[in-house]
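To start, the structure under review is shown below, and the notes come after it.
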Amino acid sequence: MATLTTATKIGERETLSDVIARIDSDETPVYSAAQKRTNNGIFAEFLVQELATPATNNHRAEGADMTDTGVTALTRFGNYHQVSTRGFLISGTVEAVDKAGVESEVAYQTVLAGLDLRRDIEKMVTDTNVARDSGSPRKSASLITWITNGDAPSDMAFATGDGSDVADLTGTARALTLAQIDTAMQAAWTDGGNPRLLVASAGNRANISDLSQAGTNLVTNQATTTASKPVSFNGAVSILFNDFGQLEVIPSRSMSNDKVFLIDPDHVAIGAINGRNFAEQEIAATGDAQKRQILTEWTLMPDAPKAHAAVIGLNGS
């Protein structure tokens with residue numbers, strides 16, 4: 001690991017203004033929408049209660065004895081916490097000199113490390129196909145391994161839906177259509193979910209605005225003005241309405257073009273072990289440099305997997 005020194009550090013006051021712009025976005029739509037929970041063990045378990053199938057013959061005679069209709073057992077799910085870190089070294093000189101835009105380089109890099117770590121979690125949750133793993137290092141199952149509802153090509157398949165195995169994403173990719181989104185939405189709704197977020201890559205976000213329904217493009221623009229004011233042009237779809245609710249369309253810088261997620265934010269959480277949620281750790285110095293790392297021991301907890309859906313096997317066009 002390279003130590004940051006004055007030879008590589010940019011930002012001495014005599015050469016730059018006191019303005020530092022973070023170009024890389026810290027937007028994390030799924031991480032930000034998820035509930036946050038505190039856990040006390042490396043394997044976080046959660047229970048899902050499904051309702052019984054509605055009966056069509058539930059009519060009884062007056063005075064009839066009780067009929068045992070049975071009980072619907074809880075389903076037990078679980079996921080492992082994984083340790084994720086971001087670390088850095090700052091030379092004593094860099095921390096001591098007069099700097100442009102920051103008072104303490106250590107404090108500034110600590111903030112950046114936390115933002116980067118949050119983006120790492122977003123990427124691992126939404127853009128990997130990883131089953132839970134109790135080995136070393138432990139791994140949290142990613143979102144796609146929990147999803148069984150959705151639309152897939154005939155030569156691809158969703159995982160079991162409990163985080164224990166991966167989805168089969170090897171096959172012939174196809175273009176995104178409204179019918180695929182509707183199929184996924186209906187499947188989640190039928191199983192009790194109410195997805196409200198459609199999270200997609202930049203490519204698929206743009207593709208959604210180009211989709212058509214019954215020969216009519218989703219984005220229609222009519223400009224009628226009698227006043228001398230600028231005419232606005234709407235070139236994007238922000239909300240999708242269908243027969244089973246509405247979806248806020250959100251672009252994600254972390255996702256690839258091979259899938260889109262339909263997420264019910266009421267039923268997804270990010271858990272962290274108590275005391276290890278973005279914990280700042282000062283590592284013993286071995287020279288003239290401060291060593292710091294930000295650590296979080298986290299896991300994905302989709303506490304009602306069937307409430308979510310996905311469209312997989314997309315080619316980004």
Side-chain angles (χ1 to χ4, degrees), residues 25 27-35 50-51 54 122 125-127 143-144 146-153 156 158 161 167 173-225 230-269 302-317:
S25 172
E27 293 175 2
T28 51
V30 175
Y31 179 89
S32 299
Q35 303 170 46
E50 295 187 6
L51 299 179
E122 179 83 7
V125 166
T126 62
D127 204 40
L143 181 57
I144 192 63
W146 296 92
I147 291 179
T148 56
N149 286 324
D151 189 274
M156 298 188 192
F158 290 103
R174 71 274 170 80
L176 178 65
T177 67
L178 276 178
Q180 296 161 6
I181 296 173
D182 290 344
T183 296
M185 184 76 164
Q186 180 177 352
W189 183 89
T190 300
D191 279 333
N194 291 289
R196 300 195 299 277
L197 305 179
L198 191 157
V199 185
S201 66
N204 283 323
R205 173 66 181 85
N207 291 337
I208 289 170
S209 294
D210 291 334
L211 295 178
S212 298
Q213 179 74 47
T216 302
N217 189 274
L218 292 183
V219 179
T220 57
N221 291 277
Q222 296 179 351
T224 302
T225 179
V231 177
S232 62
F233 180 89
N234 179 19
V237 173
S238 298
I239 302 291
L240 275 178
F241 292 88
N242 65 20
D243 294 329
F244 303 97
Q246 68 180 54
L247 292 163
E248 180 183 359
V249 183
I250 301 176
S252 170
R253 290 180 172 89
S254 298
M255 288 183 61
S256 301
N257 290 328
D258 63 337
K259 71 180 82 68
V260 299
F261 285 117
L262 284 68
I263 296 173
D264 185 341
D266 292 337
H267 294 293
V268 64
D303 57 16
K306 292 182 179 180
H308 314 291
V311 178
I312 62 175
L314 301 177
N315 60 16
S317 64

Please lay out, stage by stage, how Ile147 and Phe261 fare under the test side-chain contact (heavy atoms from CB on, under 4.5 Å).
CA-CA 9 Å; Ile147 291 179; Phe261 285 117; 3.6 Å; yes
List the steps, then state whether side-chain contact (heavy atoms from CB on, under 4.5 Å) holds for Leu314 with Asn257.
CA-CA 6 Å; Leu314 301 177; Asn257 290 328; 6.0 Å; no
Quick one, Ile312 with Phe158, criterion side-chain contact (heavy atoms from CB on, under 4.5 Å). Give me CA distance, side-chain angles, the key distance, then yes/no.
CA-CA 9 Å; Ile312 62 175; Phe158 290 103; 3.8 Å; yes
May I have the step-by-step check of side-chain contact (heavy atoms from CB on, under 4.5 Å) for Asn204 and Val311, ending in yes or no?
CA-CA 11 Å; Asn204 283 323; Val311 178; over 6 Å; no
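Side-chain N or O atoms of Glu27 include none that pairs as donor or acceptor with a backbone N or O of Ser32 at under 3.5 Å. Checked by atom type and distance alone, the side chain of Gln180 never pairs as donor or acceptor with a backbone atom of Asp151 at under 3.5 Å.
Distance CG/Asp258 to CG/Asp127: 6.5 Å, rounded to 0.5 Å. Atom-to-atom distance recorded for Gln246:CD and Leu197:CG is 10.5 Å, nearest 0.5 angstrom. Between the CG atom in Leu262 and the CG atom in Leu198 there is a gap of 4.5 Å [rounded to 0.5 Å]. Distance check, rounded to the nearest 0.5 Å: OG1 of Thr148 to NE2 of His308 gives 10.5 Å. To the nearest 0.5 Å, the span separating CZ on Arg205 from CE on Met255 amounts to 13.0 Å. To the nearest 0.5 Å, the span separating CD1 on Ile263 from CG on Leu247 amounts to 10.5 Å.
In this structure, a donor-acceptor pair under 3.5 Å is absent between the side chains of Asn207 and Asp210.
Heavy-atom minimum distance, Ser201 versus Ser256: CB-O, 3.4 Å. When all heavy atoms of Ala188 and Pro195 are compared, the pair lying nearest together is CB-CG, 3.6 Å. The two residues Ala184 and Ala309 make their nearest non-hydrogen contact at O-CB, 3.4 Å. Of all heavy-atom pairs between Met156 and Ala173, the closest is CE-N, 4.3 Å. Shown here for Val199 and Pro29, the closest heavy-atom pair between the two residues is CG1-CG, 4.3 Å. Nearest heavy atoms, Gly150 versus Ala187: N-CB, 4.2 Å.
Under the 4.5 Å side-chain criterion, counting only non-hydrogen atoms from C-beta, Ser254 is not in contact with Thr28. A 4.5 Å side-chain heavy-atom check between Asp243 and Asp182 finds every atom pair outside the cut-off. Side-chain atoms of Ile250 and Val30, non-hydrogen and from C-beta on, never get closer than 4.5 Å to each other.
For Phe244, the ring-ring contact (aromatic ring centres under 6.0 Å, His included) partners at least two apart in sequence or on another chain are Trp189. Take Asp303 and apply the salt bridge (Lys or Arg N to Asp or Glu O under 4.0 Å) test, not counting sequence neighbours, and it matches Arg37.
Residue pairs meeting the salt bridge (Lys or Arg N to Asp or Glu O under 4.0 Å) criterion with at least one partner in residues 188-199, sequence neighbours excluded, are Arg196-Asp264, Arg196-Asp266.
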